[in-house]
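Notes follow once the structure below has been shown.
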Amino acid sequence: MRTEVIYAKPLGCCLKIKGGEKIVSTEFVPLKHKLGKIDLPSWEHTVHRSCDSVAAVSRELIRYFGGEIVDFSSCEVKLGSLTIFEKRVLEKTREIRYGQRLTYLELAGLIGTNGIRAVGNALAKNPIPIVIPCHRVVAKNGIGGYSGGVELKKKLLRFETANMQMLKG
DNA sequence: AGCAGGTTTAGCG
DNA sequence: CGCTAAACCTGCT
């Protein structure tokens, strides 16, 4: 299993990516030092690194945080130790397109359950945020919760909509 | 069994 | 409107 850390500028934090054959987790790690003094893998290092899943997803994530419209459809994820229901919720969540938003209610509808809170619970266990875009699932009136903190969720949503607008205009 | 959770809806002031 | 209570389903103890 390998780990790589990239800097997510729009979020003001870093992202730690773990995986072997498939991606296992992504994790937000706060900046402890001032920008510029932090020791991060350089772009070149990341880009030229060959083709295990971690490197591949790192590349995609760097593009994503650079403002490109990236869906992580090609990247394979491993959902270990989750129930069938939770996997179903997360797989469905993966289908939400860039910039699009769904309410917990709507997502529950797609899954085919009335257990809206159960859907929220499943999302809370998402081991691979960003790649599995659980931040695109919001409350009907409001934003809803986020394991990484609601502020992060807001930033992500703003970031994506801004990039969509950019693309239009 | 009982409880809590990234919600939703209805009911009431 | 804003607040509270109850209902929904799933997972953990």
Side-chain angles (χ1 to χ4, degrees), chain A residues 1 3-20 22-32 53-54 57-58 60-165:
Chain A
M1 191 126 89
T3 297
E4 197 159 310
V5 178
I6 66 166
Y7 176 48
K9 188 173 181 183
L11 303 182
C13 69
C14 291
L15 201 62
K16 181 158 58 173
I17 303 128
K18 278 189 195 170
K22 301 179 178 183
I23 296 301
V24 167
S25 71
T26 56
E27 183 185 345
F28 298 110
V29 314
L31 287 181
K32 287 175 186 168
S53 67
V54 174
V57 173
S58 292
E60 295 300 288
L61 283 166
I62 287 169
R63 289 178 53 220
Y64 174 85
F65 288 120
E68 295 183 45
I69 312 299
V70 178
D71 67 351
F72 300 88
S73 57
S74 64
C75 103
E76 302 202 35
V77 300
K78 176 160 181 84
L79 270 25
S81 79
L82 291 177
T83 66
I84 303 293
F85 176 81
E86 291 165 340
K87 284 177 186 166
R88 233 179 43 236
V89 172
L90 292 179
E91 288 298 341
K92 211 62 183 174
T93 302
R94 261 194 106 179
E95 296 175 15
I96 306 174
R97 294 194 305 271
Y98 190 102
Q100 187 190 7
R101 297 178 192 200
L102 246 53
T103 64
Y104 295 96
L105 185 66
E106 290 168 329
L107 182 56
L110 292 176
I111 303 296
T113 178
N114 294 317
I116 307 159
R117 300 196 64 170
V119 168
N121 279 332
L123 291 172
K125 291 193 184 169
N126 179 14
I128 320 179
I130 311 290
V131 174
I132 298 178
C134 60
H135 59 274
R136 294 177 192 151
V137 186
V138 297
K140 193 176 184 186
N141 297 311
I143 186 139
Y146 195 62
S147 296
V150 181
E151 282 311 310
L152 225 45
K153 185 174 187 175
K154 286 183 190 166
K155 280 183 189 173
L156 283 164
L157 291 173
R158 277 201 302 263
F159 180 63
E160 290 191 355
T161 53
N163 290 325
M164 294 290 279
Q165 292 301 324

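Chain letters run A, B, ... following the sequence lines, proteins first, then strands; residues in each count from 1.
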Identify each donor-acceptor pair in which a side-chain atom of residues 134-142 of chain A lies under 3.5 Å from a protein atom, sequence neighbours left out, and give them as a table.
residue : atom : partner : partner atom : Å
A:H135  : NE2  : A:E160  : OE2          : 2.9
A:R136  : NE   : A:E160  : OE1          : 2.9
A:R136  : NE   : A:E160  : OE2          : 3.3
A:R136  : NH1  : A:I96   : O            : 2.9
A:R136  : NH2  : A:E160  : OE2          : 2.9

| field | A:Q100, CD: over 12 other non-hydrogen atoms inside 6.0 angstrom | value | yes
With 3.5 Å as the limit, what N/O pairs link the protein to nucleotides 7-10 of chain C?
none

| query | Using a heavy-atom cut-off of 4.0 Å to chain A, what are the terminal contacting nucleotides of DNA chain B, in 5' to 3' order? | reply | B:dG5 to B:dT9
| task | Check A:Y146 against A:P129 and note the closest heavy-atom contact, atom names and distance. | result | OH-CB, 3.7 Å
| query | Counting any heavy atom closer than 4.0 Å, what does A:A139 reach on the DNA or RNA strands: base, sugar-phosphate only, or nothing? | reply | sugar-phosphate
| query | What is the nucleic acid contact for A:V137, judged by heavy atoms within less than 4.0 Å: base, sugar-phosphate only, or nothing? | reply | base
Would you give me the side-chain donor-acceptor pairs under 3.5 Å for residues 116-128 of chain A, sequence neighbours excluded?
residue : atom : partner : partner atom : Å
A:K125  : NZ   : A:E86   : OE2          : 2.7
A:N126  : OD1  : A:I128  : N            : 2.9
A:N126  : ND2  : A:I132  : O            : 3.0

| task | Dump the intermediate steps for side chain to side chain contact (heavy atoms under 4.5 Å, CB included) on A:I143 and A:L157, then the final yes or no. | result | CA-CA 10 Å; A:I143 186 139; A:L157 291 173; 3.8 Å; yes
What side-chain donor-acceptor pairs closer than 3.5 Å can you find for residues 65-72 of chain A, not counting sequence neighbours?
residue : atom : partner : partner atom : Å
A:E68   : OE1  : A:R63   : NE           : 2.9
A:E68   : OE1  : A:R63   : NH2          : 3.1
A:D71   : OD1  : A:S73   : OG           : 3.4
A:D71   : OD2  : A:S73   : OG           : 3.4

| remark: Per nearest nucleotide of DNA chain B, the residue lying toward the 5' end, A:L105 or A:L123, is A:L123
| task | May I ask you to decide if A:G20's main-chain N or O and A:S53's side chain share a donor-acceptor pair within less than 3.5 Å? | result | yes
| With no hydrogens and no angle check, is any side-chain donor or acceptor of A:K16 less than 3.5 Å from a backbone partner on A:V29? | no
| query | Aromatic rings A:Y64 and A:Y98: how do their planes relate, parallel, tilted or perpendicular, breaks at 30° and 60°? | reply | perpendicular
| request: Any chance you could encode DNA chain B as dot-bracket? Rule is Watson-Crick or G-U wobble with both distances under 3.5 Å; [ ] for pairs crossing earlier ones, | for another strand. | output: |||||.|||||||
| task | Compare all side-chain heavy atoms of A:L31 with those of A:C14 and state whether any distance is below 4.5 angstrom. | result | yes
| Phosphate OP1/OP2 of C:dC12: any A:K125 side-chain N/O under 4.0 Å | yes
